[in-house]
Amino acid sequence: MLSLVVALSAVLATGLAQTATTRFPDGFMLGAATAAYQIEGAWNEDGKGESIQDHFYHNYPLLGLNSTGDVACDSYHKYKEDVQMLKDINADVYRFSISWPRVLPTGDLDVINQAGIDYYNNLINELLANGIQPLVTMYHWDLPQALQYLGGWPNELMVDYFVEYARILFENFGDRVKWWITFNEPAVFVSWYAAIGMAPSQNASGIGDYLSTHTLLKAHARVWHLYDEQYRATQNGSVGITLNIEGLEPATNSTEDAEASDRARQFQMGIYAHPIYSAEGDYPAVVRERVDANSAAEGRPRSRLPSFTREEVDYIRGSADFIGLNHYSTDFVTSGVTGISPSKTRDSGVITSYNEAVPWGFRSLLNWIASEYPGYPIFVTENGLRNSGGRNDTDRIDYYIGFLGALLEAVNVDRVPVIGYTTWTLMDNVEWSLGTRAKFGLYEVDFSSPNLTRTPKESAGFIAEVYGSRELPQQYFR
Ligand SMILES: *[C@@H]1O[C@H](CO)[C@@H](O)[C@H](O)[C@H]1NC(C)=O
Ligand SMILES: *[C@@H]1O[C@H](CO)[C@@H](O)[C@H](O)[C@H]1NC(C)=O
Ligand SMILES: *[C@@H]1O[C@H](CO)[C@@H](O)[C@H](O)[C@H]1NC(C)=O
Ligand SMILES: *[C@@H]1O[C@H](CO)[C@@H](O)[C@H](O)[C@H]1NC(C)=O
Ligand SMILES: *[C@@H]1O[C@H](CO)[C@@H](O)[C@H](O)[C@H]1NC(C)=O
Ligand SMILES: *[C@@H]1O[C@H](CO)[C@@H](O)[C@H](O)[C@H]1NC(C)=O
């Protein structure tokens, strides 16, 4: 554990200019993030329906290293302990997700599961009683399996189902929840309509992913407009979407690689962000052109990426109050064609040459987002380090030092409008197909104990000091 007391006095002595860089601005929200399937457990308790994750890990156990979220961290029963842990790290915001099939077991309104609503009410009330703001993700990848039987996200009817689900959430929780995220990491969950390996494992490369993208953009916009028209006046909250993007820096100084870097960003984030946050709306031109051209060359009568009407472009443009950002590391990219045909990778014409967790890549990315989509506050909704475990996680502390420093420089020096940060993640959990072996937590969870005992790691103490002082001491700036 690093003692920050000495460091803090040093900072006070260095004068205003440096102190301004090292401090989080007033009102900046600091906390931790989780997702329902990864921590809740109680997969079939109290009327919860089956999700695509339950279905997948029960039917294809080897693809999840024999781990499932059936029990996970048992947060369904241990949420009060979790809230206490958040309090112990001085969090003022908790990002968690609501399990759609826990609230609506069939995905539709024919069954509204009161026990599920009670659970989230209890969690939200416990958070507020402890001075912690809820930041709620509506969809963190656990589609009701009943809706997957209808095709899932490639089916545009999902828009209506999602809007009705969102309405139930606003009605039941919107009096207390002021921060909403429609979707977590669409780029990731649509990819499992394009490949085998995670739910729902639909092997429709270069097609299922684009169809899902098209649907969820419409669903997101409908939910934002629903909130704007029917709930904002009374509930006064914010609705955004969380997009994931790596650093995507050019591998060399060549013009080709600079263009590859921009293409990579457009295919990864722009495909979602440009329709919502850009001044002109719609898919990025480079994405539109390349997918259309490849589709035509493949002899298809239509593009694999559907088109929006003019009305849809206008309806989706501006449909968010903030940008949610998940970021972990930087890919170095070069121009070139790789990947099976058809695929989004092949369409992008980008090859990743290597990957590194470099804080400067985070700062550079934040600046790119702020210049590409001006006028929107950014909430960093995930950032963290995976290792293989252990409570003395000095590697994780080093990671946070680097990335929080880069974040503070982006905010205080570059004036990027970041308003909050929730680290991934509060405690070790079920990391999807990596099972419980991949560790990202501030708290260790003993998955072999019936109690699922939580124990703080060294990083929990470090984060508690930074969050409590609302400052990263000067000595950590490189
Ligand atoms: C999963 O369980 C099966 C059957 O018990 C076992 O053979 C296999 O080694 C396990 N795999 C892993 C990755 O734990
Ligand atoms: C997935 O699709 C590819 C062709 O796009 C095919 O080669 C592969 O065998 C399929 N995998 C499975 C498990 O169906
Ligand atoms: C709405 O929220 C904003 C902050 O997000 C606050 O400044 C404002 O006072 C709130 N208005 C009402 C009517 O609660
Ligand atoms: C790009 O050029 C700059 C100097 O102009 C140099 O410092 C940098 O190392 C170069 N980067 C790469 C990846 O070659
Ligand atoms: C943690 O590890 C570091 C470096 O390996 C070591 O210096 C330190 O003493 C360890 N701390 C504890 C509490 O074990
Ligand atoms: C179970 O966890 C609770 C809360 O962390 C703790 O008080 C209790 O001692 C634990 N019981 C066992 C058997 O580990």
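We count ligands from 1, going down the list as the structure has it; atoms in each ligand are counted the same way.
- Paired with N326 under the rule side-chain hydrogen bond (donor to acceptor under 3.5 Å, both in side chains), one option of N244, T381, T242, T422 passes, and it is T381.
- In this structure, atom 7 (O) of ligand 2 has no protein heavy-atom contact shorter than 4.0 Å.
- Residues F24 and Y421 keep their aromatic ring centres 6.0 Å or farther apart.
- Judged purely by distance below 3.5 Å, without hydrogens or angles, the side chains of S75 and D82 pair a donor atom with an acceptor atom.
- Less than 4.0 angstrom separates some heavy atom of I196 from each of these atoms of ligand 2: 13 (C).
- Considering only non-hydrogen protein atoms, atom 5 (O) of ligand 2 sits nearest to I340 CD1, 4.1 Å.
- One option in D393, I397, D395, N392 has a heavy atom closer to atom 3 (C) of ligand 5 than any other, and that option is N392.
- Taking a 6.0 Å sphere around CZ of R386, one finds it holds 12 or fewer heavy atoms contributed by other residues, nucleotides or ligands.
- With no hydrogens or angles considered, a side-chain donor-acceptor pair links T423 and Y400 at under 3.5 Å.
- Set against the non-hydrogen atoms of N203, the atoms of ligand 2 under 4.0 Å away are 1 (C), 2 (O), 3 (C), 8 (C), 10 (C), 11 (N), 12 (C), 14 (O).
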